[in-house]
Enquirer: 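Can you keep this structure in mind? I'll have questions shortly.
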Amino acid sequence: MPALGVNIDHVATVRQARLTYEPDPVWAGVLAELGGADGITLHLREDRRHIQDHDLYTMKKTVQVKLNLEMAAEAEMTNIALDVRPDQVSLVPEKREELTTEGGLDVITNSDRIRHCIDQLKEAGIEVSIFIDPDVDQIAAAKNLGVQGVELHTGRYADATSADDQQIEYETLVNASEFTIQQGLKLHMGHGLTYRNVSKIASIPNVSELNIGHSIVSRAVLVGMEQAVREMKALITS
Ligand SMILES: CC(=O)[C@@H](O)[C@H](O)COP(=O)(O)O
Ligand SMILES: NCC(=O)COP(=O)(O)O
């Protein structure tokens, strides 16, 4: 059964819309932990569009489950990770203009820069995973870089608009999963997974971690709305 890493980035997205103190992603992380999350994932983007440095530092002191930091393989981020010491770093690609992470990190083209980052993190005792496309050449290149695991990008599966296309993307993920396990790497998956599409992915053999964020935060907003309004109404009418 895969572990669930809850990505709380978009709690911070709502907070940053007003540059205020709520909703607090650390508080959300604690509630996610109480709800059974096996890990908390947060992505400290170079443009700081949602998670801020202080969120990461406070999260490290607060949350007791696995802390997974998603970050670009850049010196600034590596130094932050070496200071905070999350349980795991997941190296991801970043583009300023993207709405969300569009594809996996190209570990073939960028291998020298990525290797330097991985070596420093591993030396500090931090597990390293790389977020890559479900492609055997990328998985083999990740293995060569010495990471402990890979997170296969499920975005194409999640975005498929017909059952046939979704099945093709699913089979690609299954084949890439088998190759990942043959390489002796831990198998993580994530991106775009929802309450509707997660079951098939969760039943792929040997998946050790699923990272899910946007869909859980979206549902949390809706299932919490009735209580939130009731509490405000009580204040107004008391
Ligand atoms: C790497 C990945 O797939 C995501 O979890 C990532 O955090 C997406 O970035 P946003 O949270 O900014 O959409
Ligand atoms: N690495 C994927 C992740 O952390 C969550 O992605 P999403 O569910 O927010 O699309």
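Counting starts at 1 for both ligands and their atoms, following the listed order.
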Enquirer: With heavy-atom distances below 4.0 Å as the criterion, list the atoms of ligand 1 near Val92.
Expert: 1 (C)
Enquirer: Are any of the heavy atoms in Ser215 under 4.0 Å away from ligand 2?
Expert: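 The answer is no, since Ser215 has no heavy atom less than 4.0 Å from ligand 2.
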Enquirer: Looking at atom 6 (O) of ligand 2, what's its closest protein heavy atom, distance included?
Expert: His191 CA, 3.7 Å
Enquirer: Would you tell me which option among Arg45, His43, Glu70 has the nearest heavy-atom contact to atom 5 (O) of ligand 1?
Expert: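 The residue whose heavy atom sits nearest atom 5 (O) of ligand 1 is Glu70.
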Enquirer: State, without any angle test, whether Gln148 and Gln88 hold a side-chain donor-acceptor pair at a distance under 3.5 Å.
Expert: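 Per modelled atom types, Gln148 and Gln88 side chains form no pair under 3.5 Å.
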Enquirer: In terms of atom number and element, which parts of ligand 2 are under 4.0 angstrom from non-hydrogen atoms of His214?
Expert: 7 (P), 8 (O), 9 (O)
Enquirer: Classify the angle between the aromatic ring planes of Tyr157 and Tyr170 as parallel (below 30°), tilted (30 to 60°) or perpendicular (above 60°).
Expert: tilted
Enquirer: Among protein heavy atoms, which sits nearest to atom 3 (O) of ligand 1, and what does the distance come to when rounded to 0.1 Å?
Expert: His191 ND1, 2.7 Å
Enquirer: Go through the steps for His188 and Ser129 under the test side chain to side chain donor-acceptor pair (under 3.5 Å), then give the verdict.
Expert: CA-CA 8 Å; His188 309 152; Ser129 174; 3.2 Å; yes
Enquirer: Indicate yes or no for a side-chain donor-acceptor contact from Glu94 to the backbone of Glu46 under 3.5 Å, with no hydrogens or angles considered.
Expert: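 Side chain of Glu94 to backbone of Glu46: a pair is present.
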Enquirer: Does the pair Arg15/Asp55 count as a salt bridge with the N-to-O cut at 4.0 Å?
Expert: yes
Enquirer: Within the distance-only criterion (no hydrogens, no angle test), does the side chain of Gln138 pair as donor or acceptor with the backbone N or O of Val107 below 3.5 angstrom?
Expert: yes
Enquirer: Could you tell me the residue and atom name of the protein heavy atom closest to atom 13 (O) of ligand 1, and the distance to it rounded to 0.1 Å?
Expert: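 For atom 13 (O) of ligand 1, the nearest protein heavy atom is Thr100 OG1, 2.6 Å.
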Enquirer: Find all atoms of ligand 2 within a distance of less than 4.0 Å from any non-hydrogen atom belonging to Glu151, and give their numbers and elements.
Expert: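 Listed by number with element: 1 (N), 2 (C).
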Enquirer: Keeping Gln52 on the side-chain end and Arg48 on the backbone end, is there a donor-acceptor pair under 3.5 Å?
Expert: yes
Enquirer: So does Asp112 have more than 12 non-hydrogen atoms from other groups sitting under 6.0 Å from CG?
Expert: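 No - once you tally the heavy atoms of other residues, nucleotides and ligands closer than 6.0 Å, there are 12 at most.
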Enquirer: Using a 4.0 Å cutoff against the non-hydrogen atoms of Glu70, which atoms of ligand 2 qualify?
Expert: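 In order of numbering, the contacting atoms are 1 (N), 2 (C), 3 (C), 4 (O).
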Enquirer: Below 4.0 angstrom from a heavy atom of His10, which ligand 1 atoms are there? Numbered from 1 as shown, please.
Expert: 10 (P), 11 (O), 13 (O)
Enquirer: What atoms of ligand 2 come closer than 4.0 angstrom to any heavy atom of Ile212?
Expert: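 It comes down to these atoms of ligand 2: 8 (O).
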Enquirer: With heavy atoms under 4.0 Å as the rule, classify the contact between Asp9 and ligand 1 as side chain, backbone, both or neither.
Expert: side chain
Enquirer: Is the closest basic N to carboxylate O distance between Lys122 and Glu127 below 4.0 Å?
Expert: no
Enquirer: Counting both backbone and side chain atoms, is some N or O of Gly192 under 3.5 Å from an N or O of ligand 2?
Expert: yes
Enquirer: For ligand 1, which atoms have a heavy atom of Asn7 less than 4.0 angstrom away?
Expert: 5 (O), 7 (O)
Enquirer: Do ligand 1 and Arg49 have nitrogen or oxygen atoms that lie under 3.5 Å from each other?
Expert: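 No.
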Enquirer: Establish, from distance only, whether the side-chain atoms of Glu231 and Gln227 form a donor-acceptor pair under 3.5 Å.
Expert: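 Note: Glu231 and Gln227 side chains meet the donor-acceptor criterion.
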Enquirer: Between Glu70 and Arg45, is there a side-chain N and carboxylate O pair less than 4.0 Å apart?
Expert: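 No, Glu70 and Arg45 are not salt-bridged.
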Enquirer: Nearest non-hydrogen contact with atom 4 (O) of ligand 2 belongs to which option: Asn7, Leu210, Leu152?
Expert: Asn7
Enquirer: List ligand 1 atoms under 4.0 Å from His50, heavy atoms only on the residue side.
Expert: 10 (P), 11 (O), 12 (O)
Enquirer: Within ligand 2, which atoms have a heavy atom of Thr41 less than 4.0 Å away?
Expert: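 Reading through ligand 2 atom by atom, the close ones are 4 (O).
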Enquirer: With a 4.0 Å cut-off on heavy atoms, does His153 reach ligand 2?
Expert: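 His153: no contact with ligand 2 (<4.0 Å).
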Enquirer: N/O to N/O below 3.5 Å, does that happen between Gly213 and ligand 2?
Expert: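 By distance alone, the answer is yes.
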Enquirer: For ligand 2, indicate whether the residue His43 contacts it via side chain, backbone, both or neither (heavy-atom separation under 4.0 Å).
Expert: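 Under 4.0 Å from ligand 2, His43 contributes no heavy atoms.
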Enquirer: List the atom of Gly155, the atom of His153, and the distance in Å for their closest heavy-atom pair.
Expert: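 Closest approach of Gly155 to His153, heavy atoms only: N-ND1, 2.9 Å.
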Enquirer: Taking all heavy atoms of Ala142 and all of Val147, pick out the closest pair and write down the distance.
Expert: O-CG2, 3.3 Å
Enquirer: For Asn211, which part has a heavy atom under 4.0 Å from ligand 2: side chain, backbone, both, or neither?
Expert: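 Near ligand 2, Asn211 shows its backbone as well as its side chain.
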